[in-house]
Amino acid sequence: MPDALHLYTIPPHRAFADALANGLIRRFGADPMGLARGLVLLPNNRAKKAIQDAFVRASGGGLLLPRLVAVGDPELDEAVFDAAADPDPVPPAVSPLQRQLILARLIQQAEPRHDAAEAVRLAGDLAETLDQLLIEEVPPRRLADLQLEGELQGHWDKSLQLFRIVLDRWPAELARLGRIDLADRRRRLIDKVAKRWRAAPPQGFVCAAGITASAPAIARLQRVVAELPQGMVVLPDLAISISEAEWDMLGPHAPDPATGRRKRNLETHPQFHLKLLLERMGVHRDEFDPWMFASEHDAAPSRSKAIASAMQPPELTHGWTTLPEQERRLGGVRVLEVATPAEEAQAIALALRQVLETPERTAALVTPDRALARRVAAHCARWGIAVDDSAGQPLSILPPGTLLLALADAAAQRFAPLPLLTLLKHPLVMPEARTLWLDGARLLDRALRGPRPAPDLAGIDRHLAEQEGRDGPLRKAAQAWWPEAKALLVPLEAAFAAGTQPIPQLLAALREAAQALGGDALWSRAEGRAAATLLDDLEREAADGPQRADPDTLAPMLRTLMDGIAVRPPQGGHPRLAILGQLEARLQTADLMILSGLNEGVWPALPAPDPWLAPRIRAELDLPGLERRIGLAAHDLAGALGAPEVLLTRARRDATAPTIASRFWLRLEALSGGLDRAPDLAAWVRAIDNPGVHEYAKQPAPRPPVEARPKAISVTEVDRLKADPYAFYARRMLKLAPLDPVDADPSAAWRGTAVHDVLQKWFELDNCDPARLRARAEAMLVDERTHPMMRALWQPRLMEAIDWIARQIAENPDRKVLAVELDGDVEFEGVKLRGKFDRIDRLPDGSLAIIDYKTGQPPSTRAVRAGFSLQLGLLGLIAERGGFKDIDGMARAFEYWSLARSPRTGGFGYVDSPVDPKKKEPIPAEEFVDLAAHHFGEAVRMWLTGDEPFTAKLHPEYAPYAEYDQLMRLDEWYGRE
């Protein structure tokens, strides 16, 4: 045992990496080989880069650096000393993917109700739990020995049956493979290094710097390093100046002698994990000395005192008002609170851009919100500034990952329009003939608008063939292109149609389809290589996983695995700017540190529940509590607050709801009495996209020349012409027809078309036989092209209404159906009026009855009197003037046959007529055609043969449709005129 341990701490107001490098150079730099013989143990590879950069800054010239080694290196023995001649090598570790697949198979065997995707997800959580047991050196056998109180023991006994995977079967799997868990390998390597250094101290210095993990093996190693003749342990931000009472409040607490219960540890405190580390090292904080070396990147010493005060336990915050000013001062720390995440990202980008105006000045954004980080990077790109997010992005949201997921999803959904078009338009598909391919995909997009066609690729074939009469050239072009795309997807469809099968077969089919669509470019760049590696590893290791999988589970299984793969960009971003996650930001420094996303649930994140071990079980096993991450987040914040300048930001709401300010934000505000604001940034955010003057659009009223105006109009367009002339202008003169959504739910128009088709076939093929109508409707509903919503929701009311129509026909044998669905036209007032009726009957007196089927409510008489909803009267005008082939006579009945619920009887189906004499102010039947002709003639003379402007929303109460509202910029002028 040495006389003294070499223990140091660097306070938060000092730049850890620069202070450490300066100190090591001053201590060992006099000898040209002094540094080169040394070794610095660091927490992770990102810290190695930070320390290396700090040495370069501090040296001012050439320098032989010490070895920089990450303590979690899976080959730690080779990095520290020559392990080639090791007589007792540590067994190799099982790969994380192989372990997850094996655990998934074991879970499925224990609980067959779980499909492959769910088993893989649960296996990932189980692997994390197993790692925690290994890191904390809790033997898994302790799970079986737990004794709880009352009903808890019964619940635990049931859960323990599944945990037999860990207790019994998993060790047997490891023995079969001749491997061990990666966490176990790291622990053994750390212990081996500690044992060797204790027996034979290295010739050069050894410095364990910035390692705050409290795992027992790491604590033992750091104890050995502190005892070495040239060893030293340097911890960041250890609170050596707080009171002993505050230190004791943190825990861990010993069990109560009487009850055996423990007082709750204060795991949310930023010092808790450090205190636990010190206890496991067998040292006290009084044994730590301040690191006496500074750097030019340090903040004022008062910052450390203020940070320590801000992080006090809640029981001590009442004393903030009596603290001296220097222990509350947070000079150099500013806050920015904005309305939305979009404004927050814009403000951060502006702050980063401002830093670049000063030569050699640096800045870093630290945030756990990866979506915010991506937004900031996109904003910086507008100025040509590339800033890489060192925390990386999950493979599942990067192009190669999304293409693989789109393929699996499209095949699982049997190539329904939305997933199919998502796949065909993916940016990585057909890179060598991208333009032509996109042209074809867009043609198919147009052809697939509307309700969903029948499933599978054959369903697309049938849909295109049946739509030949619509959109003419567009449909033909889509039909000509579709076979090229279909040929690439047929093998994948065949593989998925085979049903449950071994996972390697599904993966092989997916890989081949991805290669056919994306080519070799799909596997290029870092994200492409990550996707290729994942598929290769999966195919190789799949034999150890679930034996068979349903094709529908492939996409969720891949997403689970891809979410766990972070793809980090290669070096090459801006040298003075950085975007960091919390882990990557440890030991980092910059002239300006921007700490963003300071809302509850983001920083700190909500404790993630453990699906395998309840909080009580974790406490009994001495595992870290679920709230330990909050304490680590607080320590990360405290370390980042030590920069010379700090900007804290938050948004008052996120994409869905108002947010709550982070507890850390509220503590800093309360301690300081109100932090300094950043009004310049707030003003810039408002100004950068502010046009200065808002020039609202005026109500459009185009006035094309008379000779350019349409000279033909359908009876269904007359209402649009009169109520919203601009909409008529956009459709007829600009040729802008609204597109149906892809995979649309059946609209009222679609339902009307389906009913009209049934009734037309009933007339043409069944001669209006009432006994055959129901069969026609049922055939339409069972057709595979009929939307499931139609069958589930509309079928009962439709069948009742269909039965009503059959009864109406049967109860009126003196009415003769003359024709259905017939087109006709006449010349009137210098234009051609065309129309298509649903049905015309011959009444007993020889006059005509014009009938229109409605799936909804008929128009009101008030609208008819106002000159709208004149379709029946105009059809009567065409009929009376001989516009319909083989139909003559005077129209004297005008009826809407509605399939909606009757307001009188409550059943489905009723007749309504604007000339019904029972109405309050009926329109005489003999005057109805003349009334319609009068109003139509006025409209023709104003807009078709006259020069009246096509004014937008002339009569909005009769213009309920909104297809052209955006084109006319309705929201800018409506109500302002």
Side-chain angles (χ1 to χ4, degrees), residues 39-52 66-103 123-124 126-138 140 170-171 173-197 202 206 208-222 224-225 390-392 395 526 529-530 533-534 536-538 540-541 544 561 564-568 581 583-584 586-587:
L39 183 145
V40 181
L41 280 174
L42 295 163
N44 51 49
N45 289 325
R46 184 74 191 184
K48 289 168 57 176
K49 179 68 168 57
I51 298 299
Q52 179 179 313
R67 277 183 293 167
L68 306 178
V69 178
V71 72
D73 191 333
E75 308 299 335
L76 181 65
D77 52 345
E78 297 180 8
V80 172
F81 45 73
D82 183 13
D86 190 350
D88 185 24
V90 177
V94 63
S95 74
L97 179 60
Q98 186 180 22
R99 177 174 71 161
Q100 188 169 355
L101 290 174
I102 293 174
L103 289 175
L126 179 59
E128 290 184 12
T129 300
L130 179 58
D131 282 344
Q132 291 180 13
L133 293 171
L134 294 171
I135 290 170
E136 294 295 324
E137 300 181 8
V138 177
W170 174 239
E173 292 286 344
L174 288 176
R176 175 180 65 84
L177 297 171
R179 295 179 179 271
I180 59 176
D181 286 292
L182 181 58
D184 189 20
R185 174 174 169 81
R186 284 175 172 151
R187 178 187 62 79
R188 295 192 195 186
L189 289 175
I190 289 171
D191 283 342
K192 176 172 284 193
V193 170
K195 179 179 179 181
R196 182 158 175 174
W197 279 349
V206 176
I211 303 173
T212 59
S214 58
I218 288 180
R220 291 192 294 270
L221 176 64
Q222 296 210 80
V224 169
V225 171
S390 66
L395 178 58
R529 292 189 291 274
T533 300
L534 173 63
D536 180 60
D537 292 345
L538 260 179
R540 187 173 60 254
E541 309 288 2
D544 290 319
L561 295 173
I565 300 175
V567 180
R568 291 177 171 81
L583 181 64
E584 290 76 22
R586 294 173 187 172
L587 311 189

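Atoms considered below: every heavy atom in the structure, side chains included; atoms not considered: hydrogens, waters and symmetry mates.
Rounding to the nearest 0.5 angstrom, the gap separating the CD atom in Glu584 from the CG atom in Asn45 is 11.0 Å. Rounding to the nearest 0.5 angstrom, the gap separating the CG atom in Asp191 from the NZ atom in Lys195 is 9.5 Å. Note that CD of Glu541 is 4.5 Å distant from OG of Ser95, once rounded to the nearest 0.5 Å. To the nearest 0.5 angstrom, Ile190 atom CD1 is 9.5 Å from Gln222 atom CD. Atom NZ of Lys48 and atom CG of Leu41 lie 10.5 Å apart (nearest 0.5 Å). Expressed to the nearest 0.5 Å, how far CG of Leu221 lies from CG of Leu76 amounts to 7.5 Å.
Residues Leu587 and Ala209 approach most closely at CD1-O, 4.4 Å, considering heavy atoms. Of all the heavy atoms in Ile211 and Pro43, the pair that sits closest is CG1-N, 3.9 Å. Closest of all the heavy-atom pairs between Pro66 and Val40 is CG-CG2, 3.9 Å.
Arg568 places none of its side-chain heavy atoms less than 4.5 Å from the side chain of Ser390.
With salt bridges taken as basic N to acidic carboxylate O contacts below 4.0 Å, none links Arg188 and Asp88. Salt bridge Arg99/Asp131: present, at least one basic N to carboxylate O contact under 4.0 Å.
For Arg67 (side chain) and Leu39 (main-chain N/O), no donor-acceptor pair under 3.5 Å exists by modelled atom type. With hydrogens and angles disregarded, no donor-acceptor distance shorter than 3.5 Å links the side chain of Asp181 to the backbone of Asp184. Here the side chain of Glu137 pairs no donor or acceptor atom with the backbone of Leu134 at under 3.5 angstrom. Side chain of Arg179 to main chain of Pro92: no donor-acceptor pair is present (N/O by atom type, distance under 3.5 Å, no hydrogens or angles).
Judged as a side-chain hydrogen bond (donor to acceptor under 3.5 Å, both in side chains), and not counting sequence neighbours, the contacts of Asp536 are Arg540. Evaluation of the side-chain hydrogen bond (donor to acceptor under 3.5 Å, both in side chains) rule for Arg185 yields Glu75 as partners, not counting sequence neighbours.
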